[in-house]
S.K.: 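A single structure is presented below for examination.
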Amino acid sequence: MPSIHIPRSWRLPERLVTPESVYLDRRRFLASLGIAGSGILLAGCARGDGGAVEDEAGQAASVTGGGGGSLADYPGAPGIALYPAARSPGFAVDRPLTQEKNTARYCNFYEFTSNKDVHRYVQDYKPYPWAVEVGGLCDNPKVWDLDALLGQFGLEERVYRHRCVEAWSMVVPWTGFAFAKLVRQSQPRNEARYVRFTSVLRPDELPGQKTQTWYEWPYYEGIRIDEALNELAFFTVGIYGHPLPKPNGAPWRLVLPWKYGYKGPKAVVRIEFVNEQPQTFWNDLQPGEYGFHSNVNPSRPHPRWSQASERVLDTGDRIPTQRYNGYEAQVASLYPGEDPY
Ligand SMILES: Nc1nc2c(c(=O)[nH]1)N[C@H]1C(S)=C(S)[C@@H](COP(=O)(O)O)O[C@H]1N2
Ligand SMILES: [Mo]
């Protein structure tokens, strides 16, 4: 049974919106106690003590925490021999990069915690070596060792915008490879219309999987195959020129920059080609709030807050949100007519 404590995120000034974490955790926690609707615990949750995300900036960093800055901090990381990866031109963003100390310490990775300070919970997680099973409706199914897979596909760096459904955003340099390479290598059959992803299930290493029993672990996601083949779909193993710190999804995570962040699963262990639209983690929890497509769309409000603008992680500035998160030219042809929910 989880203990009640004040979510760190609750104390931040941007709590003008209630993110899915706070809202759902509270409801499901209360439901698990059989006391849904109790006002006493709600009042307790609303107490704040003024903490801030910046309060740990500059702390020593390593793979066990958030924000290691050198390759030496990641011994044994898949693809480590391939760094540094050349930055690909053509993905420039008209905003400054987010400071690494913030991307490493303001994270969503519910397998550890639904608060943003994921780095406090990752010490038991062992992301290397890593195997991933690719299967389903394809002619070349395979269990890959991630290091060998990266050796085959190579690494490049791309700067992407990232927009969370909670209305905050960042700009980061990811290291990875175009997901289309792995899709083509796997030779999906004609009847394969979707790709389904499953994240890791290791309750002994990811403590949130033990304490937050109201979530359907492991995390699972899905996209259409034409989305998977879009050039922007990027499987990442690194950030800021080094392997991913655990809170950012070590050893690898999918990045789909035109969709809300939750469409990009971290720590993927299985990729399947399927012919029916897969169920997804957040859609199963709250179908009215988190659609299958979940393309960034400033004119479609979340039922509990506006998506018209976003808070920039470093500065706290509020800026307008762009259609498809600024990637309309690359992805609009996937969605003729209405942007599907
Ligand atoms: N397995 C898994 N993947 C996940 C999540 C998660 O909780 N578990 N959170 C998602 C959400 S909501 C976002 S915004 C991004 C956050 O990535 P970051 O912490 O590196 O910024 O990861 C996404 N991928
Ligand atoms: Mo998110």
Side-chain angles (χ1 to χ4, degrees), residues 9 14 17-25 53 65-67 97-122 125 127 132 160-176 196-202 205-209 212 215-223 234-240 243-271 280-283 285-286 289-290 294-296 302 305 307 310-314 321 325:
S9 54
E14 77 278 15
V17 301
T18 303
E20 64 262 24
S21 60
V22 176
Y23 176 76
L24 276 172
D25 285 2
V53 67
L97 289 185
T98 302
Q99 293 181 62
E100 184 175 0
K101 67 182 187 199
N102 289 329
T103 67
R105 291 176 185 273
Y106 190 83
C107 292
N108 276 334
F109 202 164
Y110 282 52
E111 286 87 334
F112 293 98
T113 173
S114 55
N115 297 333
K116 300 295 192 252
D117 56 346
V118 177
H119 65 278
R120 295 177 186 280
Y121 300 81
V122 298
Y125 179 42
V132 59
Y160 276 170
R161 297 180 195 84
H162 174 97
R163 171 64 157 79
C164 178
V165 73
E166 297 163 350
W168 55 266
S169 71
M170 60 187 188
V171 176
V172 299
W174 299 110
T175 303
R196 183 179 194 276
F197 305 93
T198 309
S199 292
V200 70
L201 181 65
R202 296 186 193 169
E205 295 183 30
L206 298 96
Q209 294 184 329
Q212 302 169 118
Y215 290 116
E216 290 293 327
W217 308 116
Y219 197 94
Y220 50 101
E221 256 301 341
I223 55 175
F234 201 47
F235 240 113
T236 66
V237 294
I239 189 169
Y240 300 98
L244 290 169
K246 293 176 185 180
N248 295 111
W252 73 334
R253 52 93 67 89
L254 183 60
V255 172
L256 305 163
W258 71 99
K259 294 179 180 286
Y260 292 120
Y262 62 86
K263 292 296 295 181
K266 295 175 170 180
V268 170
V269 294
R270 194 158 73 239
I271 299 173
T280 61
F281 181 88
W282 284 107
N283 184 257
L285 280 163
Q286 292 288 86
E289 304 200 350
Y290 309 104
S294 292
N295 296 319
V296 174
H302 184 280
W305 59 84
Q307 295 291 23
E310 62 204 52
R311 185 183 56 87
V312 176
L313 215 54
D314 275 351
T321 289
N325 199 25

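In listed order, ligands and their atoms are each counted from 1.
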S.K.: Checking side-chain hydrogen bond (donor to acceptor under 3.5 Å, both in side chains) against H302, which of E289, E166, Q307 comes through?
M.R.: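 When E289, E166, Q307 are each tested with H302, the side-chain hydrogen bond (donor to acceptor under 3.5 Å, both in side chains) holds only for E289.
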
S.K.: Can you find an N/O atom of R253 closer than 3.5 Å to an N/O atom of ligand 1?
M.R.: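 N/O-N/O distance under 3.5 Å: yes.
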
S.K.: Examine S199 against ligand 1 and note whether any of their N/O atoms are separated by less than 3.5 Å.
M.R.: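 Checking ligand 1 against S199, an N or O pair does fall under 3.5 Å apart.
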
S.K.: Taking the side chain as C-beta and beyond, is there a heavy-atom pair between F197 and Y219 under 4.5 Å?
M.R.: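 The answer is no; the side chains never approach within 4.5 Å.
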
S.K.: Between E166 and ligand 1, which part of the residue brings a heavy atom under 4.0 Å of the ligand: side chain, backbone, both or neither?
M.R.: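 For E166, no heavy atom sits under 4.0 Å from ligand 1.
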
S.K.: Give yes or no for whether the N/O distance cutoff of 3.5 Å, strictly under, is met between K266 and ligand 1.
M.R.: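 Yes, since at least one N or O of K266 sits under 3.5 Å from an N or O of ligand 1.
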
S.K.: Consider every N or O of C107 and every N or O of ligand 1, then say whether any pair is closer than 3.5 Å.
M.R.: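 No, since none of the N or O atoms of C107 sits under 3.5 Å from an N or O of ligand 1.
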
S.K.: Nearest heavy atom to atom 21 (O) of ligand 1: which of M170, E111, R105 does it belong to?
M.R.: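 Comparing heavy atoms across M170, E111, R105, the nearest one to atom 21 (O) of ligand 1 lies in M170.
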
S.K.: Which atoms of ligand 1 are found less than 4.0 Å from any heavy atom of C164?
M.R.: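 Atoms satisfying the 4.0 Å criterion: 14 (S).
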
S.K.: For R253, give me all partners under salt bridge (charged side-chain N to carboxylate O under 4.0 Å, His left out), at least two apart in sequence or on another chain.
M.R.: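 In terms of salt bridge (charged side-chain N to carboxylate O under 4.0 Å, His left out), with neighbours along the sequence ignored, R253 is linked to no residue.
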
S.K.: Hey, which atoms in ligand 1 end up nearer than 4.0 Å to a heavy atom of P265?
M.R.: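 Listed by number with element: 3 (N).
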
S.K.: Is the closest heavy-atom distance from G249 to ligand 1 below 4.0 Å?
M.R.: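 Contact check G249 vs ligand 1: negative.
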
S.K.: Do the side chain of K263 and the main chain of W258 share a donor and acceptor less than 3.5 angstrom apart?
M.R.: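 Not confirmed, K263 side chain does not pair with W258 backbone.
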
S.K.: So is K263 close enough to ligand 1, meaning a heavy atom under 4.0 angstrom away?
M.R.: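 K263: no contact with ligand 1 (<4.0 Å).
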
S.K.: Below 30° counts as parallel, above 60° as perpendicular, anything between as tilted: where do the rings of F109 and F112 land?
M.R.: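 Plane angle over 60°, so perpendicular.
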
S.K.: Are any of the N/O atoms on N108, whether in the backbone or the side chain, positioned under 3.5 angstrom from an N/O atom of ligand 1?
M.R.: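 Looking only at distances, the answer is yes, because the N/O contact criterion of under 3.5 Å is met.
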
S.K.: Working to the nearest 0.5 Å, report the span between OH of Y215 and CD of E111.
M.R.: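 Answer for the OH-CD pair, Y215 versus E111, is 10.5 Å.
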
S.K.: My understanding is that only residues two or more places apart in sequence, or in another chain, count here; which of them pass side chain to side chain contact (heavy atoms under 4.5 Å, CB included) with T103?
M.R.: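 Checked T103 against side chain to side chain contact (heavy atoms under 4.5 Å, CB included); matches are T98, E100, M170, V172, I239, Y240.
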
S.K.: Hey, what do you get for OG1 (T113) to CG (L206), rounding to the nearest 0.5 Å?
M.R.: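 So the OG1 of T113 and the CG of L206 are separated by 12.0 Å.
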
S.K.: Where does F109 meet ligand 1, judged by heavy-atom distances below 4.0 Å: at the side chain, the backbone, both, or neither?
M.R.: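 Within the 4.0 Å criterion, F109 contacts ligand 1 through backbone and side-chain atoms alike.
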
S.K.: Does the N or O separation between Y262 and ligand 1 drop below 3.5 Å for any pair?
M.R.: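 No, Y262 has no N/O under 3.5 Å of an N/O on ligand 1.
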
S.K.: Using distance alone, determine whether Y110 and ligand 1 share an N or O pair under 3.5 Å.
M.R.: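 Yes, since at least one N or O of Y110 sits under 3.5 Å from an N or O of ligand 1.
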
S.K.: In Å, rounded to the nearest 0.5 Å, how long is the span from OG of S199 to CD of Q209?
M.R.: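 The CD atom of Q209 is 9.0 Å from OG of S199, to the nearest 0.5 Å.
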
